[in-house]
Amino acid sequence: MTEQRPILIVEDEPKLAALLASYLHAAHHETRHLSNGLDVVPFVKKEPPALILLDLGLPGRDGLDICRDLRTFTNIPLIMITARAEEIDRLLGLELGADDYICKPFSPREVVARIKAILRRTGAPVPEAGTAIPGLILDTDAFRATLDGHDLSLTPVEFRLLKVLATAPGRVFSRSQLLDHLHDDNRAVTDRTVDAHVKNVRQKLETARPGAENLIHSIYGVGYRMEAPEAP
Ligand code: CA
C-alpha cells in the first residue's frame with residue numbers, strides 16, 4: 001500500500017489553519033498543523049511531510065528564517081504564505097527556495113489547486129505509483145486508481161486495463177494485446193469485451209475529471225492508446 005505523506009500547515013491563526021485543513025481533507029490529503037515557528041524544523045526532520053504551507057509571520061520563529069533552515073537539509077515542496085502582497089517581490093529576490101508564494105487573504109480552493117500543481121510537478125505524493133498521465137495515480141497493491149485525488153472505483157479488470165495503457169503512454173495496444181493483460185485465466189473473452197471495459201474506464205475517468213474520457217484514444221481498426229493532454 002502506498003503511503004501518502006501529510007501536508008504540514010504552519011499557521012498561527014487557528015481559524016485559517018482549520019479552513020485550510022478542511023479543504024485539504026476534502027481533496028483527500030492528510031494534514032498536520034503547527035502554530036509555533038520553533039516547532040517546524042524538528043517536526044520536519046522527524047516526520048517529513050509531502051509539502052509545507054508556511055506562514056511568514058509566526059510566533060517563536062520567523063517564516064523566512066525557517067525556510068532558510070529547511071532548505072539546508074530538505075527539498076520538500078514549500079509554499080510561503082504572506083499577509084502582504086508587496087512582500088512577495090522581496091521574497092522572490094531573496095531566493096529562499098520556496099516553490100510558490102500565496103498572499104492573504106487567499107481562496108482555500110486556490111491554495112489546494114496550487115498544492116496539487118506542485119505535487120504533480122515534483123511527483124511527490126506517490127512516485128512509484130504515479131503515471132505519465134498527470135493527476136493519475138495507480139496503487140497496484142490496492143488495485144486502486146485515483147484521478148486528481150478522486151477514487152475511480154475500478155473493477156480489477158478495469159484497473160489492469162488502465163494500468164497497461166497508462167504505463168506506456170502513446171503506445172498503441174491492440175485489443176488482443178490488452179486481452180492478454182486482463183484476465184489471469186484463459187477465459188473465453190472477445191474483442192467486444194475489451195471495448196466494454198474501455199467504455200467503463202472512460203466513463204469513470206470522465207466522472208473524476210470532465211474531459212478525461214479523451215485520455216484514452218481509439219485507433220480505428222487497431223486498438224487503444226492513452227495519452228497525456230498537452231501541457232497548458
Ligand atoms: Ca501569522
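Just follow the structure's listing: the first ligand is 1, and inside any ligand the first atom is 1. The basis for the numbers below is simple: all heavy atoms, side chains too, and nothing from hydrogens, waters or symmetry mates.
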Checklist line | Donor-acceptor side-chain pairing of S218 and R202 below 3.5 angstrom | finding: yes
Next item on the list: Count the heavy atoms of every other residue, nucleotide or ligand shown that sit under 6.0 Å from NZ of K163, and state whether that count exceeds 12.
Entry: no
Checklist line | Atom CZ of R68: over 12 foreign heavy atoms under 6.0 Å | finding: yes
Check: What's the shortest heavy-atom distance between E11 and A17, and which atoms?
Finding: CG-N, 3.9 Å
Item checked: Heavy-atom donor-acceptor pair, R71 side chain to T74 backbone, under 3.5 Å -> yes
Check: Would you say the side-chain atoms of H25 pair up with the backbone N or O of E30, donor to acceptor, closer than 3.5 Å?
Finding: no
Notebook entry, point to check: Near the Ca ion (ligand 1), which protein N/O/S atoms fall under 3.0 Å?
Noted result: D12 OD1, D55 OD2, G57 O
